[in-house]
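Note sheet for the following structure.
Residue numbers start from 1 in every chain, and the chains themselves are labelled A, B, ... in the order their sequence lines are given, proteins ahead of strands.
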Amino acid sequence: MVNLQDLNPAQREAVTYCDGPSLVIAGAGSGKTRVLTYKIAYLLEQGMAPWNILALTFTNKAADEMKNRIARQVDSEKAQRLWMGTFHSVFARILRIEATSIGFTSNFTIYDAADSKSLIKTIIREMGLDDKQYKPATVAAHISAAKNRLVSPEAYAHDITCIRADQASRMPQITDIYARYAARCRQADALDFDDILVYTYALFSQHPDIRARYEDRFHFILVDEYQDTNFAQHAIVWQLAEHRQRLAVVGDDAQSIYSFRGANIDNILSFQKLYPGAKLFKLEQNYRSTKNIVGAANSLIRHNKGQIPKEVFSEKPDGQPLHVSGFMSDIEEAAAVAKHIHNLCDYDHVGCHEIAILYRTNAQSRTFEDALRKLGIPYRVFGGLSFYQRKEIKDMIAYFRLAVNPNDEEALRRVINYPARGIGQTTLQKVADAAVAAGVGPWQVVADPDSYNTGISKATAAKLMAFADLIRSFAADVTHTDAATLGRRIAKESGMESEIFRGREPEDISRQENLQELLNGMNQFVDERNEEDGPDRALMTHYLQEVSLISDLEESNDDSDEKVSLMTVHSAKGLEFRIVFIVGMEENLFPNQMATSSLRELEEERRLFYVAITRAEELCYITFAMNRYRYGKQEFSTPSSFLSDIDDKFILKRDPSASRQSSSDAGGPRAMSPTPPMSRFGRKTAPESPFAYRSKTPPTGSHAENAAQPSGSRWHSIFSSGAVAATPGGKSVESATTAQGTLRVGSVIVHARFGRGHVTALTGQGVDAKATVEFDNVGSKQLLLRFAKFTIV
DNA sequence: ACTAATAACATTTTT
DNA sequence: TGTTATTAGT
């Protein structure tokens, strides 16, 4: 039963308005999922049949969560019959049914990103292009962007903007690559991720009768995370909703952080133009975070223009300000965070699972892993290689794919010689040549090498045929053997099992466990399907359909195991934690260097920071380091300019590891979380700045000695005036004055740690003044003159 | 045809 | 620094 009393007025209005289009702007933590689930329950209660409701999400996780929550409100029988899932899974399902209308078979393969890239690479090579100039990843990104905008290869060739852009990036032949790639996918009976949307749109626009059928089916459409839709998704929703105009989209423009994947924030910003009369509902009460956290996030995001105006507020306690702290190095940063977590757990009875460390890039996780491990704090790193991306799993699945669709070129390439069966590079090249010459897929040649002009020896041809026979024998079982049984058979007869079970190294064991897990998962899949849908729905085809659109098996989020979560800000979206550490808050890292060229990109980085802050319920710590190892080299960094975007009244600038010293600080940690004494750092005020700190072991020697051991010796808080740089890397300057005199380009210096070198460039003014120095022994480095210890020769 | 060595390289990544 | 892809060597 739907109890509308559970909702606040804004939520209730959004739930009960069902007669036309509506846009629900849901601020962070405002109960977005709640509105979606209640709305679906409400529609069902109003008498709408579940199969007339289409609910689209971006992740399987979101879809599952919604399903579960709805099942709690209405009977699960009904919940089962909803059309609910990710864009890709719902439309892949429809495409399988309608496959022949777009010239594919219902057994089509879904190429993942790696498959696409690999195929693009082979096409680039076949065209005789230089793959340094045409980097497969870059080309793939261009093609993907085109597809996201529904630009076909033909349209691409005539699109002045695309052509110009490709010429500018010295890749004029991308349009050819795109055309060949599309043809090759078709030949392999394969769709990539983007194609699922592209061909859905094509299906509906080329076959009005089919479109009408689905328009007729979906009486109400709901879309989650609308700010993350790309143009193709936006257009498909329009195809299905145009006639009835009965849809509700939910999202938050302030949390749009996937433009690099083709998401277009304009879709949500201009929703009311496309759907005139669309009702706008704003969910502005944040139920997650304290007033301070919400206030800080608001003050930050105000610096972005072009957003839907809203005022998110909280009725929770004020809580503590955001704690911002600087450290001398990334190592110290990690150590201090780990130490602080240790204390929170020990003295404040915080569970580790209530804490998250969020960073901009995956590479940052290592330092924190080391620091946490040192203190014996349990942690869990999210992201990284997912189960289905591991080699042994991909190999196994490639066999499955071949069994269902032997034309799957990428699967064939992957396992034709794994385990090794004497089909080497030369043979493969000959097969590829013959296939291209004859205009067929490589499988045709492998299956019948004698019929093509391959120049392959008799013995090798026999190996090819043996492989083809093997695949055909698997294929013969596809329609009448369940996925798990066939899977075990393939594992044995392909030789993969004995290959993997040969080794005794720890990593071999892990591969064996993975294979075992895969097969177990297949058993589970078959059992579930047998119960729910009957045995003919548990075939390999169905298994692959499911598996190729899933990236995360490892979401077995055992709340039982208490671990600190480590993840990128991106993967934290949608999650919440009592205590959040946002680390590496430095210019060129966050905002990332790659995203500083345009305002658009910079604003997306700012939204990313917004997402990070709003993950926190109670406490938010922000840290940065003045020195950081990047690509194996130590580099200087400055605090992120985003820090100065947050209103000062929400921030406490301090060292988390010195918390006990600061009991006098207004709103200090005692207010909410009596952070215990913990620091091995005392806190003293350095003479040159009221806000510079010194370690407990004061530097005894000269400047040189001090700098020779920077770690743990001395660090500056961002209190040091101006340390929060507004912009990175200022303009070139002619000279800079240092304590020892004037530094010019060409000056020779001796650095305490790096030795002798000469200045090649000077940039920045005042506290941001930097020198680029070419050192005799250690290469080029940037020195921040405010901190660098050296003498001018 | 496989392994070892080396060079190039490097955001984020729901599907 | 750490991975990944190509190349050289056996």
Side-chain angles (χ1 to χ4, degrees), chain A residues 56-64 85-92 110-118 121 125 131-132 135-138 140-141 144 147-148 191-197 224-225 227-230 232-233 255-263 330 358-367 370 382-386 388-389 391 417-428 460 545-552 555 567-575 584 588-596 601 604-605 607-609 611-612 628-635:
Chain A
L56 298 168
T57 64
F58 275 83
T59 64
N60 295 298
K61 205 167 134 195
D64 288 346
T86 64
F87 273 91
H88 289 82
S89 70
V90 167
F91 294 127
I110 295 171
Y111 275 174
D112 69 12
D115 295 321
S116 312
K117 209 176 107 186
S118 151
K121 191 172 177 177
R125 293 197 170 164
D131 64 2
K132 294 223 168 72
K135 291 201 185 103
T138 315
S144 174
K147 288 182 176 182
N148 288 161
L191 308 194
D192 67 22
F193 285 145
D194 300 318
D195 285 335
I196 293 174
L197 304 174
D224 191 15
E225 307 277 21
Q227 77 281 354
D228 289 335
T229 52
N230 60 36
Q233 289 160 327
Q255 293 186 63
S256 164
I257 56 173
Y258 279 103
S259 75
F260 68 94
R261 292 274 303 116
D330 52 344
L358 307 183
Y359 34 77
R360 176 66 240 265
T361 66
N362 280 124
Q364 289 166 257
S365 76
R366 239 197 61 132
T367 334
D370 291 346
F382 290 77
L385 264 200
S386 90
Y388 291 103
Q389 289 179 336
K391 186 185 176 299
N417 196 34
Y418 184 81
R421 44 175 75 85
I423 302 171
Q425 227 168 13
T426 1
T427 312
L428 243 46
T460 316
Q545 157 79 10
E546 189 139 304
V547 129
S548 49
L549 292 172
I550 281 186
S551 58
D552 37 28
E555 53 182 295
M567 64 183 91
T568 62
V569 180
H570 279 94
S571 38
K573 196 177 84 162
L575 306 178
N588 294 333
L589 181 60
F590 199 168
N592 197 274
Q593 186 149 31
M594 322 293 278
T596 45
E601 290 174 313
E604 177 148 321
E605 294 282 306
R607 290 194 293 271
L608 193 56
F609 188 27
V611 168
R628 171 174 301 278
Y629 277 96
R630 279 241 251 184
Y631 310 138
K633 278 190 181 155
Q634 204 179 37
E635 285 182 356

Does a nitrogen or oxygen in the side chain of A:N417 sit under 4.0 Å from OP1 or OP2 of B:dA1? no
Can you check the A:Q425 CD to C:dA5 C1' distance for me, whole Å? 12 Å
Paired with A:K573, the side-chain hydrogen bond (donor to acceptor under 3.5 Å, both in side chains) test is passed by just one of A:T568, A:D228, A:T59, namely A:D228
Between C:dA5 and A:R125, is there an OP1 or OP2 to side-chain N/O distance shorter than 4.0 Å? no
For side-chain contact (heavy atoms from CB on, under 4.5 Å), just list the numbers for A:L549 and A:T86, CA-CA rounded to whole Å, side-chain angles, deciding distance to a tenth of an Å, and then say yes or no. CA-CA 9 Å; A:L549 292 172; A:T86 64; 5.5 Å; no
Nearest heavy atoms of A:A232 and A:L197, plus distance in Å: CB-CB, 4.0 Å
Heavy-atom closest pair, residues A:A92 and A:I196: N-CG2, 3.8 Å
If you find the nucleotide of DNA chain B closest to A:T427 and the one closest to A:I257, which residue's nucleotide is nearer the 5' end? A:T427
Gap between atoms OH and P, on A:Y418 and B:dC2 respectively (whole Å): 12 Å
Under 4.0 Å, counting only non-hydrogen atoms across every strand here, what does A:D194 touch: a base, just sugar-phosphate, or nothing? nothing
With a 4.0 Å cutoff (strictly under), does any side-chain N or O of A:T568 reach OP1 or OP2 of B:dT13? yes
Does A:K633 place a side-chain N or O at less than 4.0 Å from the phosphate oxygens OP1/OP2 of B:dA10? no
Heavy-atom pair with the smallest gap, counting every atom of A:Y629 and A:Q634: CD2-N, 3.9 Å
In terms of side-chain heavy atoms of A:A420, which of B:dT15, C:dA5, B:dC2 is nearest? B:dC2
Please tell me if A:N362 has a side-chain N or O lying less than 4.0 Å from either OP1 or OP2 of B:dT12. yes
A:K135 has its side chain closest, among B:dC9, B:dT12, C:dT6, to B:dC9
Assigned chi class of B:dT11 under the 90° convention is syn
Which part of the nucleic acid, if any, lies within reach of A:E605 when heavy atoms closer than 4.0 Å are counted: base, sugar-phosphate only, or nothing? base
Side-chain contact check for A:F260: nearest option of B:dT15, B:dT12, B:dC2 is B:dT12
Between A:S116 and A:Y111, what is the shortest heavy-atom contact and its length? OG-CB, 4.3 Å
Using a heavy-atom cut-off of under 4.0 Å over every strand shown, decide if A:T57 touches base, sugar-phosphate, or nothing. nothing
Using the P atom as the point on both nucleotides, what is the distance between B:dT12 and C:dA5, in whole Å? 16 Å
To the nearest Å, how far apart are A:R360 CZ and B:dA10 P? 16 Å
5' priority, DNA chain B, between A:M594 and A:H88 [closest heavy atom]: A:M594
Could you state the NZ-P distance from A:K132 to B:dA7, rounded to the nearest angstrom? 13 Å
Name the nucleic acid region contacted by A:G574, choosing base, sugar-phosphate or nothing; use a 4.0 angstrom heavy-atom cut-off, strictly under. nothing
What is the distance, to the nearest angstrom, from the CE atom on A:M567 to the P atom on B:dT12? 15 Å
Rounding to a whole Å, what distance do you find between A:N588:CG and B:dT12:C1'? 16 Å
Quick one: the side chain of A:R261 and the base of B:dT15, do they pair up donor-acceptor inside 3.5 Å? yes
Matching residue for A:H570 among A:Y258, A:Y359, A:F382 - test: ring pair (Phe, Tyr, Trp, His ring centres under 6.0 Å): A:Y258
Atom-pair distance (CD on A:Q389; P on B:dT13), nearest Å: 11 Å
For A:F87, answer base if it contacts any base atom (sugar-phosphate contacts may also be present), sugar-phosphate if it contacts only those atoms, and nothing otherwise; contact means non-hydrogen atoms under 4.0 Å. nothing
Can you tell me, in whole Å, how much space there is between the P of B:dT13 and that of C:dT4? 15 Å
From the options B:dT11, C:dT6, B:dT14, select the nucleotide whose nearest atom is closest to the side chain of A:D131. C:dT6
Taking the side chain of A:T59 as heavy atoms from C-beta outward, which of B:dT13, B:dT14, B:dC2 is closest to it? B:dT14
Within this structure, what is the CD-to-P distance between A:Q545 and B:dT15, rounded to whole angstrom? 14 Å
If you check the A:Y631 side chain, which of C:dT1, B:dT14, B:dC2 turns out closest? C:dT1
Between B:dT11, B:dT12, C:dT6, which nucleotide has the shortest distance from any of its atoms to the side chain of A:N592? B:dT11
